[in-house]
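A quick write-up on the structure given underneath.
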Amino acid sequence: TKVQSSVLTFVYGESGSGKSTFLKLGLCRELVGRWVPIYIDVWGTDWVGGPWKSLADATNYAVHELGIGGDGQPPVTRESVFEQLRTLRTRTGRRPLLIFDQVDDYQNAHRVRFRDPVTQFFLSPDELCTANPFWKEVRDLLLHPSEPVHIVLATREDAQDGLHCFGFAEPRVYRLPRLDPQDALTLIQRLSPEAAIRNPENGFTEITQRIVAELGRDGQGAVLPMQLRIALAGLGRLNGPLTPGRLDKLGGVSALGALYLDAVLRTSPEAWPILIAMAERTPTGRGKAITLPRERVFALTPSGAQKDQ
């Protein structure tokens, strides 16, 4: 992949475009035999200590799960994580790839710290490293002459300007697009049981085309992978066959997503506070859901309150 030839990569895309799935189930799986993918998507609540601890925990997990670095190796801690990362390639022959996902969560939680108090512009990379010792360590690691690590940072499309703060080197920048309608149709066909598509003229073709058309209505035909996933999950919860007529009676494609959410809420009633909080309107009144940091999401559940990191 192109990530292997670039020390710094930025990835951005709409919410629901599949960034995390791509990074965890695509990139990490592809590189795991030759690299050491270290995935971080929990940032803690402290703007220095949170990511520092998360990086140490993720590095410790990766090293021990992959069985590298020798038997009896002590746990990776906050105090040792950067030294471990500096020497991991030399010791194992495999370069660590640090994948920082959900960067927008981190920057939203500390938006004041990421901006100049006078101009309100985002901090430059040098200014960020002066203000935050964690990112200074990350930058120094990235720019070491031996290139001990490569780094990927991923954020939402509407927050991509914030990646400017992390431009410690010239990045390669990639936008993760929506699914092309034809690709979405092909994916549905591959995921469908053979019996459903044996005679596609009996309704299968019409239904799949309608699903893709309705999901792509606000994207000029292109489909968000998460929307497609929820619609297909709703299909899987139907009893009996789905015909075009039955789809109309249910309320259309949007009803398939409602079926999925209904099933989830019936088995996980603690999810209600999360949905209520995420459905709140922004101060601008544009109706965009508020993105909650994961620590706040956990705090909304009765048994999921997280310790401050």
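Residues: numbered from 1 along the sequence shown.
Separation of atoms CG (L215) and CG (L224) is listed at 9.0 Å; rounding is to 0.5 Å. Remark: T155 OG1 to Q102 CD distance equals 8.5 Å, nearest 0.5 Å. Taking CZ from R89 and NE2 from H144, the interatomic distance works out to 11.5 Å, rounded to the nearest 0.5 Å. Atom CG of D104 sits about 9.0 Å away from atom CG of L163, to the nearest 0.5 Å. How far CD1 of I40 is from CH2 of W52: 14.0 Å, rounded to the nearest 0.5 Å.
Using a distance-only test at 3.5 Å, with no hydrogens or angles considered, no donor-acceptor pair links the side chain of Q189 to the main chain of T186. Of the possible donor and acceptor atoms, one in the side chain of Q107 sits under 3.5 Å from a partner among the backbone N and O of G162. Although no hydrogens or angles enter the test, the distance criterion places a donor-acceptor pair under 3.5 Å between the side chain of T130 and the main chain of D126. Remark: the backbone N or O of G18 is not paired with any side-chain donor or acceptor of T21 at under 3.5 angstrom. A distance-only check finds no donor-acceptor pair linking the side chain of R178 to the backbone of V223 [under 3.5 Å]. No donor-acceptor pair closer than 3.5 Å links the side chain of N60 to the backbone N or O of A56. The main-chain N or O of F122 is never found under 3.5 Å from a side-chain atom of D116 such that the two would form a donor-acceptor pair. Within the 3.5 Å criterion, the main-chain N or O of V42 finds a donor-acceptor partner in the side chain of S54. Side-chain N or O atoms of H150 include none that pairs as donor or acceptor with a backbone N or O of L8 at under 3.5 Å.
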Please report the C-alpha distance between F114 and Y106 in whole Å, then the side-chain angles of each, then the deciding distance to 0.1 Å, and finally whether the ring-ring contact (aromatic ring centres under 6.0 Å, His included) criterion is met.
CA-CA 10 Å; F114 274 101; Y106 177 54; 5.3 Å; yes
Please report the C-alpha distance between V149 and L97 in whole Å, then the side-chain angles of each, then the deciding distance to 0.1 Å, and finally whether the side-chain contact (heavy atoms from CB on, under 4.5 Å) criterion is met.
CA-CA 6 Å; V149 302; L97 175 66; over 6 Å; no
In sequence, state the C-alpha distance, the side-chain angles, and the governing distance for H110 and W43, and then conclude on ring-ring contact (aromatic ring centres under 6.0 Å, His included).
CA-CA 11 Å; H110 306 286; W43 293 92; 9.2 Å; no
As a quick check of understanding, evaluate side-chain contact (heavy atoms from CB on, under 4.5 Å) for I188 and L228, giving each step before the final call.
CA-CA 9 Å; I188 294 175; L228 181 59; 3.9 Å; yes
Begin from the C-alpha positions of Q84 and R91 and carry the test side-chain hydrogen bond (donor to acceptor under 3.5 Å, both in side chains) through to its verdict.
CA-CA 10 Å; Q84 290 275 0; R91 291 184 285 113; 2.8 Å; yes
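For the residue pair T87 / T90, no side-chain donor-acceptor distance below 3.5 Å is found, with atom types taken as modelled.
Relative to the six-membered ring of W35, R95 meets both conditions, a distance below 6.0 Å and an angle of at most 45° to the axis.
At most 12 heavy atoms of other shown residues, nucleotides or ligands fall within 6.0 angstrom of atom CZ in R229. With a 6.0 Å radius and a threshold of 12 heavy atoms from other residues, nucleotides or ligands, Q220 has its CD atom at or below the threshold.
Of all the heavy atoms in A255 and L250, the pair that sits closest is CB-O, 3.2 Å.
A salt bridge does not link E206 to R210: none of the charged side-chain nitrogens sits closer than 4.0 Å to a carboxylate oxygen. Under 4.0 Å is where a charged nitrogen must lie from a carboxylate oxygen, and between R156 and E14 no such pair does. Salt-bridge check for D46 with K53: failed, with every basic side-chain N at 4.0 Å or more from each acidic carboxylate O.
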